[in-house]
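Down below is the structure, laid out as C-alpha cells.
Both ligands and their constituent atoms are indexed starting at 1 by order of listing.
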Amino acid sequence: MVDTFEQLEEQIKDCKKCKLCNNRNHIVLDDGKRDAKIMFIGEGPGADEDAQGKPFVGKAGKLMNQAFKGLGIKREDVYITNIVKCRPPMNRNPEKDEVEACLDYLREQVMLIKPKIIVLLGNVALKTILGNEYSITSARGKWIEKKDIMYFPTFHPAALLRDETKKIYFWNDLKEVKNKLNNL
Ligand code: URA
Ligand code: SF4
C-alpha cells in the first residue's frame with residue numbers, strides 16, 4: 001500500500017515483475033488529473049506511448065482526444081491509465097501472467113484516485129476488472145455498479161480505427177458518461 005503517487009512512482013520505476021520489462025523504453029503509468037472523479041482504463045501502451053511515456057498519445061489516443069473535445073470533456077480533468085504499464089511486443093494482448101503482475105499498480109491507482117466512475121476501454125480492461133463472463137459487445141454502454149464505483153464499458157478507441165461504424169456508439173457512450181459526470 002502506498003499513500004501518495006510519489007511513492008507509487010518510486011515503487012514502479014525499474015519494475016521487472018513481468019517479461020514486458022524486457023523490451024520497453026518507458027513505463028507508462030498515467031496521465032491527467034490525479035484527483036479526478038473519473039478514470040479511463042485502456043489495455044497497454046503502444047509504440048507511441050512507449051516512446052513518450054504517456055498513455056493514449058498515438059492514433060487511438062488522438063481519436064479519443066477528438067471525442068473528448070467534441071463533447072467538452074477536458075483531458076486534463078480526467079485520469080487515464082492502462083491495465084499493463086509496459087508495451088506488449090507487436091501490440092499483442094497482454095498475457096495473463098503480465099496482467100496479474102501489473103494489477104497491483106492499478107489497485108494502488110484506484111485507491112489513490114478513489115474514482116466515482118471507471119470507463120473500461122475494450123475487452124481487456126473489461127474482462128480484467130469485471131470478469132471474463134463480460135464482453136464488450138453485450139456490456140458496452142451500460143452502467144455496472146460495484147462497491148460504490150460506477151463502471152462503464154465501451155469500445156477501445158483502436159477498435160474505431162478498424163471499424164468506423166463503431167464511432168457513433170463510442171461517441172454516444174462518452175456523452176452518457178459526461179452526463180453522469182455532470183450530475184455527480
Ligand atoms: N492503447 C491502449 O490501450 N493504451 C494506450 O495507452 C494506447 C493505446
Ligand atoms: Fe512491471 Fe507492469 Fe511493466 Fe510488467 S508491465 S514490468 S508488472 S510495470
Side-chain angles (χ1 to χ4, degrees), residues 1-2 5-34 36 38-68 73 75-76 78-113 118-130 134-136 139-140 151-163 166-167 170 173-174 177:
M1 262 281 271
V2 297
F5 271 102
E6 289 67 35
Q7 288 173 5
L8 181 59
E9 281 171 351
E10 191 56 34
Q11 207 177 62
I12 199 169
K13 80 169 188 199
D14 307 323
C15 178
K16 293 186 179 65
K17 286 204 293 174
C18 84
K19 58 189 177 300
L20 294 181
C21 72
N22 294 324
N23 297 303
R24 71 167 178 238
N25 291 300
H26 285 101
I27 295 175
V28 179
L29 180 58
D30 62 1
D31 192 27
K33 196 158 115 179
R34 287 176 164 180
I38 182 167
M39 184 163 174
F40 287 78
I41 305 180
E43 184 177 317
D48 296 293
E49 290 76 20
D50 176 60
Q52 295 180 45
K54 251 184 165 197
F56 287 101
V57 293
K59 264 194 189 166
K62 292 208 168 91
L63 202 55
M64 196 162 78
N65 289 349
Q66 273 177 17
F68 281 172
I73 300 169
R75 183 166 159 140
E76 317 84 81
V78 306
Y79 185 76
I80 303 173
T81 190
N82 282 307
I83 294 289
V84 291
K85 301 341 189 207
C86 302
R87 183 189 182 201
M90 313 293 287
N91 299 336
R92 63 159 170 74
N93 281 6
E95 290 167 2
K96 198 163 172 262
D97 58 319
E98 298 157 356
V99 170
E100 272 170 19
C102 211
L103 216 45
D104 281 341
Y105 298 120
L106 188 61
R107 288 195 191 99
E108 300 281 6
Q109 287 170 293
V110 173
M111 284 192 277
L112 288 168
I113 301 272
I118 295 184
V119 179
L120 301 167
L121 299 166
N123 259 322
V124 170
L126 172 63
K127 287 173 183 288
T128 303
I129 305 296
L130 293 182
Y134 288 91
S135 95
I136 278 295
R140 66 141 278 283
Y151 292 92
F152 193 83
T154 187
F155 290 126
H156 190 291
L160 319 180
L161 293 167
R162 295 188 292 266
D163 177 1
K166 292 191 166 125
K167 279 190 179 173
F170 183 69
D173 285 352
L174 287 195
V177 167

Requested in this report: Tell me the protein N, O or S atoms under 2.8 Å from atom 1 (Fe) of ligand 2, in chain and number order.
Outcome: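 Protein N, O or S atoms closer than 2.8 Å to atom 1 (Fe) of ligand 2: C15 SG.
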
Query - Ionic contact status for E9 with K13, cut-off 4.0 Å - result: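 No salt bridge links K13 with E9.
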
Report task. State whether the number of non-hydrogen atoms from other residues, nucleotides or ligands found under 6.0 Å of K33 atom NZ is greater than 12. Result ->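 Yes.
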
Query raised in the report: Is it true that atom NZ of K54 has more than 12 heavy atoms of other residues, nucleotides or ligands lying nearer than 6.0 Å?
Result: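 No, the 6.0 Å shell around NZ holds no more than 12 heavy atoms from other groups.
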
With a 4.5 Å cut-off on side-chain heavy atoms, are [Y] and [X] touching?
X	Y	result
D97	K19	yes
D104	K17	yes
L121	F170	yes

Query - Donor on one side chain, acceptor on other, Q109 and K85, under 3.5 Å - result: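 Note: Q109 and K85 side chains meet the donor-acceptor criterion.
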
Query - Main-chain N/O of E43 paired with N82 side-chain donor or acceptor, under 3.5 Å - result: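 The answer is yes, because a donor-acceptor pair under 3.5 Å joins these two groups.
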
Report task. Could you tell me whether a side-chain N or O of E49 sits under 3.5 Å from a main-chain N or O of V57, the two making a donor and an acceptor? Result ->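 Yes: the side chain of E49 pairs with the backbone of V57.
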
Query raised in the report: Does even one non-hydrogen atom of R24 get within less than 4.0 Å of ligand 2?
Result: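 Contact check R24 vs ligand 2: positive.
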
Query raised in the report: Below 6.0 angstrom between ring centroids: does that apply to Y134 and Y151?
Result: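 No, the ring of Y134 stays outside the 6.0 Å limit from the ring of Y151, centre to centre.
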
Query - Proximal protein residues to ligand 1, non-hydrogen atoms under 4.0 angstrom - result: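 Correct list: G42, E43, G44, E49, P55, F56, N82, H156.
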
